[in-house]
Amino acid sequence: MKYDHKQVEKKWQDIWDEKQCFHAENDSDKEKFYALVEFPYPSGQGLHVGHPRSYTALDIVARKKRMQGYNVLYPMGWDAFGLPTENFAIKNHVHPAEVTKKNIARFKSQLKSLGLSFDWSREINTTDPSYYKWTQWIFLQLFKKGLAYKKEMSVNWCTSCKCVLANEEVVNGVCERCGSEVVHKTKSQWMLAITKYAQRLIDDLDDVDYIERVKIQQRNWIGRSTGAEVDFKTTEGDTLTVYTTRPDTLFGATYMVISPEHPMIEQWADKLNNIEDVRAYREEAARKSDFERTELNKDKTGVKLDGVAAINPVNGKQIPIFVSDYVLMGYGTGAIMAVPAHDDRDWEFAKKFGCEIIEVVSGGEDVQKAAFTAKDETGILVNSDFLNGKTVKDAIPAMIEWLGEKGIGHAKVQYKLRDWVFSRQRYWGEPIPIVKCDKCGYVALPEDQLPLELPNVTSYEPTDNGESPLAHMTDWVNTTCPCCGGPAKRETDTMPQWAGSSWYFLRYMDPHNDKALASPEALKYWSPVDWYNGGMEHTTLHLLYSRFWHKFLYDIGVVPTKEPYAKRTSHGMILGENGEKMSKSRGNVVNPDEIVDTYGADTMRLYEMFIGDFEKAAPWSPKSIKGCRRFLERVWALADKVQDGDTYSEQHEVLMNRTIKKVGEDADNLKANTAIAALMTMLNEFYDKGVNKAEYKTFLALLNPFAPHITEELWQQLGETGLLSVAPWPTYDEAKTVESTVELAVQVNGKLKCTIKLAVDADKQTAIDTALAEEKVQHAIEGKQIVKQIVVPGKIVNLVVK
Ligand code: ANZ
Ligand code: ZN
């Protein structure tokens, strides 16, 4: 019989469905294992060949764990709110919910065709009101604890999407999604106070098993820095506070720089002779992104304040104040003390504006070199009065102490992380369940009014002034205040794309619960996620956001663990054949449906796992797909050669034990590529030396997580009545994973006479005695005298005769 992948794959997918083979039980005495992959955004493009890389890798883990007797939860769902759907809806005049429904249907059938062992009874959809009811509920808890608040702020505004972007969504100064220019705009926004959790988000990384680069990226993104806040008096008698990581360099602070947005500027407006220049400069800066402003190797620009100066508190010297865009309002205090001898940016600025440069950390002949040595904590302070002779390391606390005594400064910890801009002026997102009353201010919608559903509108276009399309819906907007019963208005902003995914893994634990986001029992049993795989691009967005929400839910007693994910891994991207990122414009997109149709899902799965090291990017290669297909055809054809036998034959004993060990360990370490290579070697051995039923069954079991359909079929053809997907995973005997005997060549005067088998640990004399007992050897040395006996352990016995 020929290997007909279409018939085989359809057959087993139907059987798995019908028998609910991958159903995870909530009431189970078994040990649980929760494997999770990032749920997709159901875009109009359908599944990308990159998706199955992550899904198949964890499917292998999930399938193997199931065979090992675990109660496995491996769920799938849809992260379905988002701009592309909304934009499509605007263009084609269809409701985004309709678009979403169609896209999900397509995605689902594509995923099903891959034979992934998802528990489809737990499918979730973030745009379903019964789901976003709980997203809104979590928002209300955040609001009640003061962690959701409204703030006038300068936000990133995408000129094309007409929408506010989070810092994370602005890449190199342009919108991550559409590539258009991003400008600053002041808007009143809902914010989530993720910065309150900054330290815990760093500290608790020590307790989780994340790949190192994920931990590093999160730490860098949160960006903890330690230093001091220092107050400088100005000639106006008021105070300008700076944040510095290097209070030890205070004697070298020869000028100050404040951000163009600094509020003191307008306070000093009357005193400044060049206020118009300063205002013009501020307008120019507003047009630039933070990236452009802080990028290192650019020309420094700025304006010196004419009329107000500062006083360096350590020596009473009057120093100028500049306005420059390299100082950002959003970090520290928006003002700095400039130490040009030891800070690269200050150095460039001082050179251009002719500011004084004083070396305070000894750098030898040239001061600029000192800018580098000063970064080393062993540098020695000079020109610094009471700090002279101290190392940087000792001078920092000494200065902080001095500042404290004078009451003009203190130690300070800063984070780069900003609070999360949590509103969008768009339609296709979760409505924010808040009402604004002139008397009572922002009031939470009572929980029994959740979900607050999106109303049907006729136009999804954002308004030109940046209001959400919901603002047009006066019937919906006008409501009564839950607090005083007076007239009030609903919030018309919706939540950002990242809301629904910040807690979705909890919903899978108990997806149909209408009393809580999930029952305490389900949360207790399934938490935490044992293994979460996803893209590196989500490290500083989704992964951080969901850790934050989870910690908050832990604090209010909803979830039982501090961290949501015990383990995090990340896959490399699948590139086009030419090694470039797959995209329509490059014409190198591979359609997964075609691969499944032509070669089958099992081949597709094997290929995606065989393509290279899981963590690295890999180009698509049609040639190796054919290789994977050929391997499966040989697996199929081997069925005709299987002989009787209930136990492993002696010749294959080591091969069997060794391969079981290897495949199991590799599967647990996301090394599917080397596991498959070991299975290929095994198959070759079977073709060379024969195979019995016991051996073939083990082989099928080992291959099952990788190629589940073909192995189920061959398993059944062997006469098995149970499903292979839930059959026990093969076990091995460590002692039998290594050869117990070795073969040695026996030579007489360098000529090969025969081979002998010896125990691996046999000594030299045993080797010689065994060789001498061989008839061919006896024949060759007959009547001669042995003058030398050479033994190379494990390889050769050579007898030299005369
Ligand atoms: C004096 C100094 C001397 C500094 C020196 C550095 C080196 P991190 O490590 O990133 O926290 N700074 C403070 N606020 C700023 C802002 N809003 N915009 C731009 N720069 C700002 O960096 C903190 C350092 O960056 C601070 O320490 C300050 O310059 C600058 F040899 O103060 B430093
Ligand atoms: Zn009210």
Side-chain angles (χ1 to χ4, degrees), residues 154 167 195 198-199 202 219-232 240-265 285 288-296 298 300-302 310 312-314 319 321-350 355-363 367-384 387 391-393 395-396 399-400 403 409 411-418:
S154 166
N167 285 342
T195 52
Q199 192 57 47
I202 295 175
R219 283 197 195 102
N220 289 347
W221 185 260
I222 298 167
R224 183 180 201 269
S225 117
T226 53
E229 274 187 358
V230 183
D231 295 338
F232 282 64
L240 199 53
T241 306
V242 302
Y243 171 68
T244 173
T245 48
R246 297 296 305 277
D248 58 310
T249 61
L250 201 45
F251 286 92
T254 53
Y255 62 100
M256 295 182 80
V257 184
I258 61 178
S259 162
E261 297 84 14
H262 202 286
M264 294 295 254
I265 294 174
K288 294 188 193 168
S289 67
D290 286 358
F291 180 77
E292 283 173 90
R293 285 172 54 159
T294 52
E295 197 194 355
L296 253 180
K298 63 159 193 124
K300 294 279 178 292
T301 57
N312 187 332
V314 289
I319 56 176
I321 305 173
F322 288 84
V323 173
S324 175
D325 63 5
Y326 79 94
V327 174
L328 303 174
M329 198 57 225
Y331 188 65
T333 63
I336 67 157
M337 64 180 213
V339 184
H342 304 295
D343 181 282
D344 301 336
R345 297 160 296 180
D346 298 345
W347 168 270
E348 286 165 33
F349 190 91
C355 305
E356 192 184 0
I357 299 173
I358 301 175
E359 180 188 26
V360 289
V361 180
S362 172
V367 176
Q368 200 184 5
K369 217 174 106 210
F372 300 98
T373 53
K375 284 178 188 139
D376 179 355
E377 291 201 326
T378 60
I380 302 295
L381 272 284
V382 295
N383 300 325
S384 297
L387 296 180
T391 59
V392 168
K393 188 169 185 250
I396 291 175
M399 179 56 93
I400 291 175
L403 291 166
K412 172 89 185 169
V413 177
Q414 271 300 335
Y415 301 91
K416 290 260 146 58
L417 187 69
R418 302 285 69 143

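Indexing begins at 1, ligand by ligand and atom by atom, following the structure's order. Atom set for the values below is all heavy atoms of this structure, side chains included, hydrogens, waters and symmetry mates excluded.
Taking the six-membered ring where the residue is Trp, Phe349 and Tyr326 present tilted rings, their angle falling between 30° and 60°.
The closest donor-acceptor contact from the side chain of Asn383 to the backbone of Phe251 lies at 3.5 Å or more, if one exists at all. Between the side chain of Thr333 and the main chain of Thr241, a donor-acceptor pair closer than 3.5 Å is present.
Contacts between Lys416 and ligand 1, counted as non-hydrogen atom pairs separated by less than 4.0 Å, involve the side chain only. Both the backbone and the side chain of Thr244 come within 4.0 Å of ligand 1, counting heavy atoms alone. Residue contacts with ligand 1 for Val327 involve both N, CA, C or O and side-chain atoms from C-beta outward (heavy atoms, distance under 4.0 Å).
Within the structure, the closest approach of Gln414 to ligand 1 does not fall below 4.0 Å when heavy atoms are considered. Under a 4.0 Å heavy-atom criterion, Gly332 is not in contact with ligand 1.
For the pair Met337/Ile319, no side-chain contact is recorded, criterion being any heavy-atom separation below 4.5 Å from C-beta on.
Rounding to the nearest 0.5 Å places OG1 of Thr254 at 8.0 Å from CG of Asp346.
Residue-to-ligand polar distances place Tyr331 within reach of ligand 1: an N/O pair is separated by less than 3.5 Å.
Applying the salt bridge (Lys or Arg N to Asp or Glu O under 4.0 Å) test to every pair with at least one member in residues 331-340, sequence neighbours left out, gives no pairs at all.
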Decide yes or no on side-chain contact (heavy atoms from CB on, under 4.5 Å) for Arg345 and Lys300, but give the supporting numbers first.
-> CA-CA 8 Å; Arg345 297 160 296 180; Lys300 294 279 178 292; 3.8 Å; yes
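Shortest non-hydrogen contact noted between His342 and Ile358 is NE2-O, 4.3 Å.
Near Tyr243, with a cut-off below 4.0 Å to any heavy atom, the atoms of ligand 1 are 11 (O), 13 (C), 26 (C), 28 (C). Close approach of ligand 1 to Tyr326 (heavy-atom distance below 4.0 Å) involves ligand atoms 18 (N), 19 (C). Counting atoms of ligand 1 from 1 in the listed order, those under 4.0 Å from a heavy atom of Arg345 are 20 (N), 25 (O), 30 (C). In the vicinity of Thr249, heavy-atom distances shorter than 4.0 Å reach the ligand 1 atoms 3 (C).
By heavy-atom distance, the residue among His262, Met329, His342 lying nearest atom 31 (F) of ligand 1 is His342.
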